[in-house]
Amino acid sequence: MKVLYATSEAGPFIRTGGLGDVSAALPVALAEEKIEVSVVLPYYEDIPNSFKSHMRFLGATTVPLGWRRQYAGLFQYVQKGVSFFFVDNEYYFKRKGLYGHFDDGERFAFFSKAVLELIPLMKFTPDIIHCNDWQTSLIPVMLDSFYRNETVYSKIKTVQAIHNIEFQGRMDKYVIDNVFGIPEKNSPLVEYRGDANMLKGGIEASNKVVTVSPSYAAEILDPYFSYGLEFILRERQYKIIGILNGIDTELYNPETDRALFTNFSCKDPANKVKNKIALQKMIGLPENADKPMIGMVGRLTGQKGIDLVLRVIHEILSLDVQLVILGTGDWKYENAIKEMEKQYPTKLNAAISFSADMASKIYAASDLFLMPSKFEPCGLSQMIAMRYGSIPIVRETGGLRDSVEPYNPTTGLGVGFTFKTFDACDMLDAVNRAVSLYYNDKKGFETIKRNAMGKDFSWRKSAKQYINMYETL
Ligand code: ADP
């Protein structure tokens with residue numbers, strides 16, 4: 001089986017978030033299961049030259065997009081048995097940054113059309129094109145609108161993945177004809193509530209819709225989570241499934257992670273505490289091995305439940321704990337957290353920055369990891385935290401619900417502390433339960449830590465589920 005994985009970002013070439021992680025790891029995991037996979041993404045200006053200088057130029061073609069005729073070059077880079085194809089067009093991609101340009105709709109409509117146009121040059125005729133988020137969700141629509149009559153394309157099936165339904169590629173409806181060039185008979189596929197909606201097009205025209213956790217697949221049918229798409233999702237419910245993401249267990253490995261002060265493993269976690277003391281020293285918190293450290297790493301946005309944390313921050317910090325926060329995001333949250341840090345200099349440390357090195361140090365040093373998201377399609381941070389022996393305290397939503405089984409002191413099973421309602425007092429109750437276990441039941445805390453560190457978050461399991469899904473097509 002041949003799968004072409006179309007994405008707007010993929011590590012290690014270029015990434016801004018979770019999609020880049022998934023696009024780096026899932027294709028490799030599929031290749032290890034003997035699936036022929038290629039990945040295709042734009043040839044961005046920001047891709048480091050260390051990669052660009054090793055790419056092979058395969059040729060170029062002209063892509064029709066509405067009334068436009070645009071150049072599309074194709075480069076190739078092979079890594080870990082997977083071909084990565086890069087679509088070159090300087091007008092669209094020789095710019096700083098990946099997203100946030102005024103013409104993003106046109107840029108990714110071009111990319112989607114170019115992927116289809118370039119398939120013959122790739123010499124890789126896929127059985128399945130796996131599209132990711134709104135940036136590539138016009139592929140299924142364009143495939144049906146322009147290419148079905150040609151033999152190469154006639155049998156291709158499509159999968160539309162939704163990593164976060166908040167982002168849909170919505171714009172004025174005139175672009176459907178003028179920019180996308182979609183013929184009138186197919187324009188209803190891309191139209192939604194008076195706008196052009198690129199993600200909706202992918203949901204309509206693809207053969208299968210997949211979200212990044214089973215719980216999120218159910219949640220997006222509800223207006224609380226769906227950002228307005230619930231009607232169309234309910235109509236198409238028959239083809240929606242959820243498969244939980246994994247993490248790169250080689251990259252996120254406390255045994256080998258060079259960012260840690262001291263490495264440790266699931267079998268021998270004794271050295272973990274040295275990371276706590278070293279981090280306390282580094283960031284100026286009182287050095288105390290016995291004090292539970294609560295870590296938070298992530299975007300400081302409404303999605304991540306920062307409102308709940310701020311609502312009961314005094315109550316949390318009245319406990320005998322230390323809170324260490326790393327993140328960037330909304331100005332109001334960054335400010336409020338820095339303000340709190342001034343009030344609690346011996347208990348709260350916050351770094352408003354993006355640093356993979358610091359993130360690893362916090363995962364390794366902390367005993368508990370707080371992630372009270374309002375919604376969470378999958379979430380990687382809680383999985384990394386568990387792998388580094390930091391016990392997650394999470395809200396039961398999306399991928400958090402699917403990856404963090406609540407601890408049961410009677411059976412000794414479970415890997416974290418959870419709460420249901422998006423409510424600050426409920427979250428505080430979960431924090432209290434976690435801190436109380438830490439202080440009052442050392443054996444219980446060791447058990448939960450072992451359970452969390454021993455959990456399998458590798459991509460192998462998810463890759464098998466993806467293959468099963470591809471086979472149904
Ligand atoms: P999302 O994709 O919604 O931002 P995820 O939990 O799926 O959230 O993935 C977040 C990833 O980004 C994790 O690998 C996390 O460690 C990393 N990350 C988030 N914020 C920071 C930061 N400020 N510094 C370093 N890494 C971060």
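Indexing begins at 1, ligand by ligand and atom by atom, following the structure's order. Just so we're clear, the structure is a prediction, and the values are computed from it rather than from any experiment.
Side-chain polar atoms of Glu106 and Tyr92 form a donor-acceptor pair below 3.5 angstrom.
Ranking the protein heavy atoms by distance from atom 23 (N) of ligand 1 puts Ser353 O, 2.9 Å first. Counting only heavy atoms of the protein, atom 20 (N) of ligand 1 lies nearest to Gly298 CA, 3.5 Å. Of all protein heavy atoms, the one lying nearest to atom 8 (O) of ligand 1 is Lys304 NZ, 3.1 Å. When only non-hydrogen protein atoms are considered, atom 12 (O) of ligand 1 lies nearest to Arg15 NH2, 4.5 Å. Protein heavy atom in closest approach to atom 27 (C) of ligand 1: Phe354 CE1, 3.5 Å. Residue, atom and distance of the protein heavy atom nearest to atom 2 (O) of ligand 1 are Gly18 N, 3.6 Å. Closest to atom 5 (P) of ligand 1, if we only count protein heavy atoms, is Leu380 N, 3.4 Å.
Below 3.5 Å of separation, one finds an N or O of Tyr363 facing an N or O of ligand 1. Any N or O atom pair closer than 3.5 Å counts here, and Arg299 shares at least one such pair with ligand 1. For Thr328, no nitrogen or oxygen atom sits less than 3.5 Å from a nitrogen or oxygen atom of ligand 1, counting backbone and side chain alike. For ligand 1, the polar-atom distance check against Met371 finds no nitrogen or oxygen pair separated by under 3.5 Å. Residue Asp21 has no nitrogen or oxygen atom sitting less than 3.5 Å from a nitrogen or oxygen atom of ligand 1, judged on distance alone.
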Dump the intermediate steps for ring pair (Phe, Tyr, Trp, His ring centres under 6.0 Å) on Phe93 and Tyr44, then the final yes or no. CA-CA 5 Å; Phe93 300 122; Tyr44 295 107; 5.6 Å; yes
Between Leu138 and Val190, does a side chain to side chain contact (heavy atoms under 4.5 Å, CB included) hold up when you go through it step by step? CA-CA 8 Å; Leu138 286 186; Val190 195; 4.1 Å; yes
Would Gln160 and Ile129 satisfy side chain to side chain contact (heavy atoms under 4.5 Å, CB included), going step by step from the backbone distance to the final call? CA-CA 9 Å; Gln160 175 65 50; Ile129 304 181; over 6 Å; no
Salt bridge (charged side-chain N to carboxylate O under 4.0 Å, His left out), that's the test. Do Glu32 and Arg460 meet it? Break it down for me. CA-CA 8 Å; Glu32 281 167 4; Arg460 200 174 318 127; 5.8 Å; no
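The closest approach between a heavy atom of Cys378 and any atom of ligand 1 is not below 4.0 Å. Note on ligand 1: Gly17 sits outside its first shell, no heavy atom being nearer than 4.0 Å.
Atoms of ligand 1 lying under 4.0 Å from at least one heavy atom of Gly379, given by number and element, are 6 (O), 7 (O). Atom numbering of ligand 1 starts at 1 in the shown order; those under 4.0 Å from a heavy atom of Gly327 are 23 (N). Counting atoms of ligand 1 from 1 in the listed order, those under 4.0 Å from a heavy atom of Ala359 are 25 (C), 26 (N).
Proximity of Ile384 to ligand 1, defined as any heavy-atom pair under 4.0 Å, is confined to the side chain (atoms from C-beta onward). The part of Tyr252 lying near ligand 1 is the side chain, judged by heavy-atom distances below 4.0 Å. Contact annotation: for Ser381 versus ligand 1, heavy atoms closer than 4.0 Å belong to both the backbone and the side chain. Neither the backbone nor the side chain of Pro377 comes within contact range of ligand 1; no heavy atom lies under 4.0 Å.
Side-chain atoms of Asn275 come within 3.5 Å of backbone N or O of Phe261 as a donor-acceptor pair.
In this structure, atom 25 (C) of ligand 1 has protein heavy atoms in its sub-4.0 angstrom surroundings.
A cation-pi geometry, defined here as NZ or CZ lying under 6.0 Å from the six-membered ring centre and within 45° of its normal, holds between Lys52 and Tyr43. Cation-pi geometry between Lys374 and Phe422 is met: the NZ or CZ atom falls under 6.0 Å from the ring centre, inside 45° of the normal.
Ring pair Tyr470/Tyr466 is tilted by interplanar angle, where 30° to 60° counts as tilted.
Taking each heavy atom of Arg107 and Tyr99 in turn, the nearest pair found is NH1-CA, 4.4 Å.
Between Arg311 and Asp307, no side-chain nitrogen of the basic residue sits less than 4.0 Å from a carboxylate oxygen of the acidic one, so the salt-bridge criterion is not met.
Paired with Glu376 under the rule salt bridge (Lys or Arg N to Asp or Glu O under 4.0 Å), one option of Arg395, Lys304, Arg401 passes, and it is Lys304.
Taking 4.5 Å as the limit, some side-chain heavy atom of Leu41 sits within range of a side-chain heavy atom of Phe86.
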